Amino acid sequence: MADDCCRYRENTLIARGGGVFDSTGSISVPVYRSATYTHNTLDYDPNAYYYSRCDTPTRRALEKQVAALEHGEDALAVTSGLAALDIVMKLFSQGDRVLISSDLYGGSYRLFNEVYSKYGIVFEYADTWDLEDVKAKAKGGIKGIIVETPSNPMLRISDIRAISEIAKEEGALLIVDNTFLSPLFQKPIDLGADIVIHSATKYLAGHNDVLAGIIVTATKELREKLYFYVMSIGNALSPDDAWLTIRGIETLSVRLQRQQDNAKELLKFLKNHPAVEFVIYPGDPEHPEHELAKRQQTGFGAMISFVVKDKDRAPEFFGKFKTIYQAGSLGGVQSLINLPNSSLQCPIPLEQRLHTGVSDGLFRLSVGIEDVEDLKDDILQALS
Ligand SMILES: *Cc1c(COP(=O)(O)O)cnc(C)c1O
């Protein structure tokens, strides 16, 4: 497995999944459900399996697979994207200041401000797409910077390399939430990030059928620190869910390419729709960070946000979608739509939402792999 990353090009690496893992020659990684493993010696072997809260062969295959795709040193698979952020938060202590992107997944905000702030960690929000704001807020000392790029739901793009330099000067860890692009379209560790986290529930697994999170580290030392928390706490991913995630990743490149093709078509379609005020997509030359996205990413992804002119009619439009499911989550093969201001973003204070531009007329669309003409037909009837 580990050798695969050096020998194979990206699409080959993705298709090979977990690789051949055991002596049977099975090309699908087996699901090892055993909770415990037998040993006839008390000598500790760091490569052996002991107990499934610590390690399982199936989970290990997933961790190696994603670490290779992200150009990281190693990874940890946990029960959800928020569990991944929760484990990363264990690196901080009372009194530490952590800088976070002001536009972000509502659940992440809730974890920071309603859980970890109780333990004395101080969270400061910065418009991380504006380096001056990052520099200004970093003054006074910070221990970490958590960047979501593209951000949810406004799809702002932050300059990972430039922020990693600020983080280094401060002696702070740079953590990037790479959920919206997947390693296929962005490799934050190559740009200076220390840790990459994923809600693998989204693009990595890709089928809206499993909840999973991944933490990829740039160094062995960071992985060791984080592993200590995962095995002490017990939120490692189950073998069955690890298998589903491995299976999902095998088709990542074809899914995401098709989703992106559909998104580019829908960008043009939505921009010309009379009910739409404006569309947000990093692949649009009018997007404020389009040039940065072109430089930093190898694709623009398949998330589109748009604002309708008649905000009062947004709930009515929302109710009319038929092909596109009205559901939270994103990244799967089925297109999903939601109104962030009425759901996902609720944990974030209104003032902060107004600041980043999250309004009542804003829709967030996760574009799937359907026939794009069916998606256009659905949008046409829903926005009429
Ligand atoms: C969904 C999501 C999360 C949380 O992941 P879960 O798997 O739902 O716990 C974190 N960050 C981003 C950007 C997400 O979209």
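The first residue in the sequence is number 1, and the count goes up from there. When a ligand or atom number is given, it counts from 1 through the structure's own listing order. Keep in mind it's a predicted model, so treat the numbers as computed, not measured.
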Quick one: ligand 1 N/O to protein N/O pairs below 3.5 Å?
residue  : atom   : partner : partner atom : Å
ligand 1 : 5 (O)  : Ser199  : OG           : 3.0
ligand 1 : 7 (O)  : Gly81   : N            : 2.8
ligand 1 : 7 (O)  : Ser199  : OG           : 2.8
ligand 1 : 7 (O)  : Thr201  : OG1          : 2.7
ligand 1 : 9 (O)  : Ser80   : OG           : 3.3
ligand 1 : 9 (O)  : Gly81   : N            : 3.1
ligand 1 : 9 (O)  : Leu82   : N            : 2.9
ligand 1 : 11 (N) : Asp177  : OD2          : 2.7
ligand 1 : 15 (O) : Lys202  : NZ           : 2.8

Side-chain H-bond candidate by donor/acceptor type, Asp103 with Ser101, under 3.5 Å: no
Can you tell me how far the [atom1] atom of [X] sits from the [atom2] atom of [Y], to the nearest 0.5 Å?
X	Y	atom1	atom2	result
Phe318	Ile337	CZ	CD1	7.5 Å
Ser108	Ile348	OG	CD1	8.5 Å
Leu91	Leu222	CG	CG	6.5 Å

Checking Phe123 now: which residues fulfil ring pair (Phe, Tyr, Trp, His ring centres under 6.0 Å) with it, not counting sequence neighbours? Phe112
Is it the case that the side chain of Thr245 and the backbone of Ala212 share a donor-acceptor pair, with hydrogens and angles ignored and the cut-off at 3.5 Å? no
